[in-house]
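What follows is a set of notes on a single structure, which appears directly below.
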Amino acid sequence: MKKIEIARQFLTDHLDLFRCPVCEQPFITADEQGLVCPNRHQFDLNKKGTLYFLAKKFSGEYDGEMLAARQRIIQAGLFDGILAKAAETINIPNAAILDVGCGEGTPLNKLLQLRGNQDYGVGFDISKPGINLANNQVTPSFFCVADLARLPFNDHSMDVIFDLFSPSAYGEFNRVVKPGGQLIKIIPNSDYLMELRHLLYPEGSKNQAYSNKEVVDLFVKHYPNSIQQQITYQFDLSQVNNQDLLIMTPLHWGQGSQPVTTEQLNSMSQITVSVTMLVQQF
């Protein structure tokens with residue numbers, strides 16, 4: 001089947017997930033073109049099987065080169081340890097999983113595979129190049145371009161909200177998650193990719209270290225009964241291009257970053273992945 005045909009089938013099967021971002025009414029029809037709401041607002045599928053829900057064009061900071069490098073590194077397994085823990089944490093069978101800021105789509109695809117493809121997923125991002133890369137994969141997921149602040153999903157339509165290194169809109173999360181559902185948010189710790197940080201920033205630089213305290217505190221303020229889990233492991237770089245590791249992260253954009261030579265990059269044989277997983281059960 002073509003991508004657009006697969007997307008049409010997904011929309012037909014899961015029409016109840018989506019609502020119009022213009023008038024906030026549930027869509028009533030999934031036709032050959034896309035979705036139509038009661039007020040006749042229509043959102044058409046493109047040839048790649050993507051819906052574009054933004055009211056205006058957005059130019060993101062993540063370009064195609066960065067996203068492609070990120071895809072290669074994640075497909076090689078950089079986040080496998082994180083995704084394995086998230087898959088174990090999800091306690092809902094046949095779950096509708098929403099991936100917030102899904103980027104190039106690999107994390108959601110891997111998460112569904114780890115879950116045995118018993119679930120179904122929707123990924124959204126504000127980056128059109130990211131969604132295009134996501135849709136280039138063979139995937140059971142549906143990907144769309146949407147705004148975090150105005151989610152095109154119905155109230156209480158999602159079993160799991162998965163947020164990997166993306167901003168959060170807790171009011172919207174509370175609106176779209178089902179009673180009994182879960183929010184899983186992953187944020188980097190101070191030693192995340194520390195080997196690369198040490199190459200990019202001089203000793204004592206404010207960018208050589210990172211603190212997630214404010215993000216954690218805000219999450220806990222919203223969800224006092226949430227739980228936290230630390231996930232730390234070393235990822236072997238022998239099967240990847242270390243240049244991709246540099247390109248995939250905004251670390252090299254930071255103020256005061258130093259040029260890094262190919263020799264310095266290739267001197268790294270492994271990289272530290274260290275994150276906090278925050279989980280709220282509704």
Side-chain angles (χ1 to χ4, degrees), residues 3 6-7 10 46 48-51 60-90 95-146 148 158 160-168 183-188 192-193 196 231 233-252 270-275 277:
K3 287 285 187 181
I6 295 171
F10 186 95
N46 65 16
K48 296 191 177 197
T50 297
L51 286 172
E61 59 184 7
Y62 293 177
D63 60 20
E65 182 185 15
M66 179 182 185
L67 289 161
R70 186 177 178 86
Q71 186 173 77
R72 289 190 292 269
I73 288 287
I74 299 174
Q75 287 180 346
L78 180 66
F79 292 162
D80 281 6
I82 300 172
L83 296 170
K85 290 293 185 184
E88 292 173 6
T89 300
I90 296 172
I97 301 175
L98 177 64
D99 186 359
V100 175
C102 65
E104 46 66 50
T106 303
L108 178 57
N109 290 336
K110 283 191 170 237
L111 182 60
L112 292 177
Q113 290 167 7
L114 287 165
R115 293 275 297 163
N117 291 320
Q118 61 167 308
D119 306 323
Y120 53 98
V122 176
F124 79 89
D125 202 286
I126 204 166
S127 166
K128 192 173 182 180
I131 295 301
N132 286 339
L133 277 172
N135 269 327
N136 284 339
Q137 302 175 69
V138 177
T139 170
S141 309
F142 180 84
F143 293 101
C144 56
V145 181
L148 174 66
M158 299 294 177
V160 178
I161 298 175
F162 181 64
D163 180 340
L164 175 64
F165 297 173
S166 293
S168 296
L183 168 59
I184 300 174
K185 182 172 176 64
I186 312 292
I187 57 176
Y192 175 69
L193 305 185
L196 186 58
I231 305 169
Y233 55 91
Q234 298 295 313
F235 176 66
D236 180 10
L237 295 172
S238 62
Q239 302 301 312
V240 303
N241 183 343
N242 286 14
Q243 188 69 29
D244 280 343
L245 188 68
L246 178 66
I247 295 171
M248 67 153 270
T249 169
L251 283 174
H252 65 287
Q270 59 184 20
I271 196 81
T272 300
V273 178
S274 179
V275 301
M277 182 171 73

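Note that the structure is a prediction, hence the values are computed from the model and not measured.
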Does F10 form a ring-ring contact (aromatic ring centres under 6.0 Å, His included) with F143? I'd like the steps, not just the answer. CA-CA 11 Å; F10 186 95; F143 293 101; 9.7 Å; no
Take atom NZ of K3 as the centre, draw a 6.0 Å sphere, and report whether it contains more than 12 heavy atoms from other residues, nucleotides or ligands. yes
Pairwise side-chain contact, [X] with [Y], heavy-atom cut-off 4.5 Å (strictly under):
X: S168; Y: L148; answer: no
X: V273; Y: L78; answer: yes
X: P140; Y: N117; answer: yes
X: L108; Y: I97; answer: yes
X: I90; Y: I184; answer: yes
X: I231; Y: S274; answer: no
X: I131; Y: C144; answer: no
X: L196; Y: I271; answer: yes

Is a side-chain N or O of [X] found less than 3.5 angstrom from the main chain of [Y], in a donor-acceptor match?
X: S166; Y: G101; value: yes
X: D163; Y: K185; value: no
X: T50; Y: N46; value: no
X: Q118; Y: R115; value: yes
X: E104; Y: T106; value: yes

List the atom of A7, the atom of G49, and the distance in Å for their closest heavy-atom pair.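 Answer, listing the atom of A7 first, then G49: CB-O, 3.4 Å.
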Please name the pair of heavy atoms, one in G77 and one in F235, separated by the smallest distance, quoted to 0.1 Å. C-CE1, 3.4 Å
Does the pair Y233 and F79 meet the rule for a ring-ring contact (aromatic ring centres under 6.0 Å, His included), with working shown? CA-CA 10 Å; Y233 55 91; F79 292 162; 8.7 Å; no
Output field: ring centroids F142/F124 closer than 6.0 Å: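 No, ring centres 6.0 Å or more apart.
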Identify the residue among L133, N136, D244 that makes a side-chain contact (heavy atoms from CB on, under 4.5 Å) with Q71. L133
Let me confirm one number: the [atom1]-[atom2] distance from [X] to [Y], rounded to the nearest 0.5 Å.
X: M277; Y: E88; atom1: CE; atom2: CD; result: 8.0 Å
X: T272; Y: L193; atom1: OG1; atom2: CG; result: 8.0 Å
X: R72; Y: N241; atom1: CZ; atom2: CG; result: 7.5 Å
X: L111; Y: L164; atom1: CG; atom2: CG; result: 10.0 Å
X: F165; Y: I186; atom1: CZ; atom2: CD1; result: 7.5 Å
X: N109; Y: L114; atom1: CG; atom2: CG; result: 11.0 Å

Between Q137 and T139, do the side chains contain an N or O donor and an N or O acceptor separated by less than 3.5 Å? no
